[in-house]
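Reading through the structure tokens given below for one structure.
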Protein chains: 2
Amino acid sequence: MTVSEEVRVRERPRQPTSADVAALAGVSRTTVSFVINGRADVQIPPKTRRRVEDAARELDYHPHGPARQLAAGASLTIGLVMRQSAEQVAADMNLPNYLWGLAAAARAGGYRVLVEPLAPEDGTYAGLLRSRRADGLIVSGPRDDDDELAALVRDGFPIVIQGWRADLDVPSVDVDNRAGARGAVEHLLELGHRRIGCITNAPLQYTAAAERLSGYRDALTTAGIDFDPGLVVEGAFDAASGHVGMAGLLRNGGPSAVFVASDVVAIGAIRGLRDAGLRIPADVSIAAFDDIPIAAHVDPPLTTVHLPAGALGEAAGQLLVDRIAGRPVPARTLLPTELIVRDSTAVPRKSGGR
Amino acid sequence: MTVSEEVRVRERPRQPTSADVAALAGVSRTTVSFVINGRADVQIPPKTRRRVEDAARELDYHPHGPARQLAAGASLTIGLVMRQSAEQVAADMNLPNYLWGLAAAARAGGYRVLVEPLAPEDGTYAGLLRSRRADGLIVSGPRDDDDELAALVRDGFPIVIQGWRADLDVPSVDVDNRAGARGAVEHLLELGHRRIGCITNAPLQYTAAAERLSGYRDALTTAGIDFDPGLVVEGAFDAASGHVGMAGLLRNGGPSAVFVASDVVAIGAIRGLRDAGLRIPADVSIAAFDDIPIAAHVDPPLTTVHLPAGALGEAAGQLLVDRIAGRPVPARTLLPTELIVRDSTAVPRKSGGR
DNA sequence: GGTCGAGACTAACTCGCGTTAGTAACGCGC
DNA sequence: GCGCGTTACTAACGCGAGTTAGTCTCGACC
């Protein structure tokens, strides 16, 4: 597993401080600080400014972060707390995109991102804020009984929730899960399907799962179709749960179309259909949710609700930065989704369904 | 997109400091520091210790991170620098797992993880280290001409490379790409394939891509098969590149099996095959690389080289923590891979190939 | 030529914690 | 009663920046 050759430690030269820069430029530390931070309210003659800048460049001076954070009373860091199990995080194929957007927004606001993946049984994250390692937190996937979160919110810490918690007075960001799901099911209805199943993306304690299911029910209600609990199965993040979920649906008399509230779960569901010798979309249509990067390339390319993961991360970051700055912020931000029709949906085999 | 109701700012109470704890416990700040940090070399009578601990608990005291970092001269933070484009990161479906492993190892060593996604044209990351915001860095996907990296290594900063850079004296972590690829191709050979194509996971400037291609060539050479450049196509991280790549291969007279050096690219390649009316594995076998979480559930379930993403992140984190602590560390750590045989590979249609 | 004021800069304090050097109190033996 | 160690603590400095309250210089104006 390893090669024997080793890399040993080298002594690092001491990093230059603002005092070094001041000495080299022949000014005081205060002046250096004024120049480095470009303070508009202090007048520094161009000649002096140049001297300081040259000295800083020559020494390759970088202000000491922790010292600056201590003096300024701000860590310029935002924390991303992922309150999910390892398996759940692993199945989140939109996370890379989300993280990218979040980091971009943070950087634009002068912040960096600290990630704190913390399985539900894994301990607490309040310390991040209370110890001032982070100025604010984005909490993704908190449970309803997360008292820690409630306490932090009560104490007025800047927090943005990724998802939703109805009971807390805290800004949240999410896509419009309900409207998105509704759109997907409406698409199935328009194709002529009447008997439409649903596999959720997660257990219904997860608000996103409950919302998507609500969207499904909305669409059925509007179309005048009675809700049949026998057509609803709970998925659990990963493809395997879609596989067994679909098997369950097929046992209850197969629907002509299924709304699967997650692409990953849908991929498992499709496998379940094929196990039963059914073709997609000829025999059963599948509409999904998330539009993960490979959704357009699996077989068949998925008709799915596009989730703008990058934009979501960006919005969350932007919101948190605003909140930290003390700017008022909308209580709930819902990003729109868009149905992408590909090849996993079609008109039912026998027009009118069965 | 948003609801009008807004969340306003609340005044936060001042966080308690060690002086507050000292006052409440009736001791000096120094004693508090000794108790909090559990210094073994100082004797504190149990009674005093209890008083301090009770006071800390009562005030919900958390030491101020930046102050601590300043005094200790360590930020207790490691940075994960992702030197890839947004698209490339988005297509990395093992990233969530990797991140989880990395964070776990970091936490075990008392560190936290700061992520810095930085597209190649996006600026520098040296400041992270020079400003002491991070004590060490894991650099993933650096380019060969990354002078910044060379400078940091020269200055003796603790750095671990995710991947490989032959020219730098810096510890690196990776899976054994070459052996893994070789194993996959050997599996195809054992099935009886002789005309085996290859679609790389990325352009060959990326060392992982070059290594996997080497593994492919190794296997052919050992089997006594001449290398045919016409059977090799470059992929580029995403499924779309696999799609067009396969189309190219088919134009050059189709192989009976293809080693696609990435699951995501393979999913596109499979689509390319089906566009041409070919079945997998009946007409063409596909062996891939990465074993992303859905690899077992796509159609057909992929025969692929398992990449232990979580373990990889964990190893990288562990190595960096050791390096920061000044412990000697192996120059190159290669994690083993394992071929997972599923349903995308089979014996060639006409025994002996064509 | 003295005074006033603006301009250019700096001494000294602050942030919260770790740590070193040192002191006060106590017990104990002679 | 004195000396000598322990034991149990604390005063004070340092980390590297930001910031406040001044000081000093120089020119213009009366």
Side-chain angles (χ1 to χ4, degrees), chain A residues 12-53 55-56 59-76 110 127 129-133 135, chain B residues 12-53 55-56 59-76 110 127 129-133 135:
Chain A
R12 260 197 308 292
R14 196 178 125 282
Q15 290 289 111
T17 72
S18 71
D20 298 328
V21 177
L24 182 59
V27 297
S28 76
R29 269 194 45 248
T30 308
T31 304
V32 172
S33 174
F34 286 163
V35 171
I36 297 288
N37 299 325
R39 287 209 9 186
D41 53 334
V42 200
Q43 307 251 3
I44 307 275
K47 222 179 55 182
T48 308
R49 155 161 296 137
R50 281 286 303 277
R51 269 217 321 285
V52 173
E53 285 166 349
L59 296 176
D60 194 16
Y61 168 67
H62 291 256
H64 190 286
R68 192 175 227 181
Q69 294 167 23
L70 173 58
S75 65
L76 297 182
L129 282 173
R130 299 215 127 95
S131 73
R132 294 295 208 260
R133 294 254 333 226
D135 294 333
Chain B
R12 259 196 310 290
R14 198 177 123 280
Q15 291 288 111
T17 71
S18 70
D20 298 329
V21 177
L24 182 60
V27 298
S28 78
R29 269 192 46 247
T30 307
T31 305
V32 173
S33 174
F34 287 162
V35 172
I36 297 288
N37 298 327
R39 288 206 13 181
D41 53 333
V42 201
Q43 306 253 2
I44 307 273
K47 220 179 58 180
T48 309
R49 156 162 293 134
R50 280 287 303 275
R51 269 219 320 286
V52 172
E53 284 166 350
L59 295 175
D60 194 15
Y61 169 67
H62 292 253
H64 190 286
R68 191 173 231 182
Q69 294 167 23
L70 173 57
S75 65
L76 297 181
L129 282 173
R130 300 216 127 95
S131 74
R132 295 292 206 258
R133 294 250 338 222
D135 293 333

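Letters go in sequence order (proteins before strands), and every chain restarts at 1.
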Compare side-chain N and O positions of [X] against OP1 and OP2 of [N] and report whether any pair is under 4.0 Å apart.
X: B:Tyr61; N: C:dG16; answer: no
X: A:Arg68; N: D:dG18; answer: yes
X: B:Ser18; N: C:dC17; answer: yes
X: B:Ser28; N: D:dA11; answer: no

Any A:Pro66 side-chain heavy atom under 4.5 Å of B:Arg132 side chain: yes

Does some side-chain heavy atom of A:Ile36 sit less than 4.5 Å from a side-chain heavy atom of A:Pro63? yes

Kindly compute the distance separating [atom1] ([X]) from [atom2] ([Y]), expressed to the nearest 0.5 Å.
X: A:Arg50; Y: A:Ile44; atom1: CZ; atom2: CD1; result: 15.0 Å
X: A:Leu70; Y: B:Gln69; atom1: CG; atom2: CD; result: 10.0 Å
X: A:Leu59; Y: A:Thr17; atom1: CG; atom2: OG1; result: 9.0 Å
X: A:Phe34; Y: A:Thr48; atom1: CZ; atom2: OG1; result: 13.0 Å
X: A:Ser33; Y: A:Arg68; atom1: OG; atom2: CZ; result: 8.0 Å
X: A:Gln15; Y: B:Arg130; atom1: CD; atom2: CZ; result: 5.5 Å

How many Å lie between [atom1] on [X] and [atom2] on [N], as a whole number?
X: A:Gln69; N: C:dC17; atom1: CD; atom2: C1'; answer: 14 Å
X: B:Arg130; N: D:dA17; atom1: CZ; atom2: P; answer: 14 Å
X: B:His64; N: D:dG16; atom1: NE2; atom2: C1'; answer: 14 Å
X: B:Gln43; N: D:dT6; atom1: CD; atom2: C1'; answer: 10 Å
X: B:Lys47; N: D:dT7; atom1: NZ; atom2: C1'; answer: 14 Å
X: A:Arg50; N: C:dA8; atom1: CZ; atom2: P; answer: 17 Å
X: B:Arg49; N: D:dC9; atom1: CZ; atom2: P; answer: 11 Å
X: A:Asp41; N: C:dA8; atom1: CG; atom2: C1'; answer: 14 Å

Give one of base, sugar-phosphate or nothing for [X], where a contact means two heavy atoms less than 4.0 Å apart.
X: B:Thr31; result: base
X: A:Val27; result: sugar-phosphate
X: B:Pro66; result: nothing

Can you tell me if B:Asp135 uses its side chain to pair, donor with acceptor, with the backbone of B:Leu76 under 3.5 Å? yes

Counting only N and O atoms by type, is there a donor-acceptor contact under 3.5 Å from the side chain of A:Ser131 to the main-chain atoms of A:Gly127?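 Here the side-chain-to-backbone pair exists.
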
Selection from C:dC17, D:dC9, D:dC15 that lies nearest to any side-chain heavy atom of B:Leu70: D:dC15

Could you list all N or O pairs between the protein and nucleotides 25-28 of chain D that sit under 3.5 Å apart?
none

Determine the sole option in A:Val21, A:Val32, A:Val35 for which the side-chain contact (heavy atoms from CB on, under 4.5 Å) test with A:Val27 is passed.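 Going through the options one by one, the only one that passes is A:Val32.
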
Tabulate protein N/O versus nucleotide N/O from nucleotides 22-28 of chain C, keeping only pairs under 3.5 Å, one per line.
none

Donor on one side chain, acceptor on other, B:Arg133 and B:Ser75, under 3.5 Å: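 Side-chain D/A pair, B:Arg133 to B:Ser75: absent.
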
Between the protein and nucleotides 19-21 of chain D, which nitrogen or oxygen pairs come in under 3.5 angstrom?
from	atom 1	to	atom 2	distance (Å)
D:dT19	OP2	A:Arg39	NH1	3.3
D:dT19	O4	A:Thr30	OG1	3.0

With nearest nucleotides of DNA chain C determined for B:Ala67 and A:Arg51 from heavy-atom distances, which residue corresponds to the more 5′ nucleotide?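 The residue whose closest nucleotide sits nearer the 5' end is A:Arg51.
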
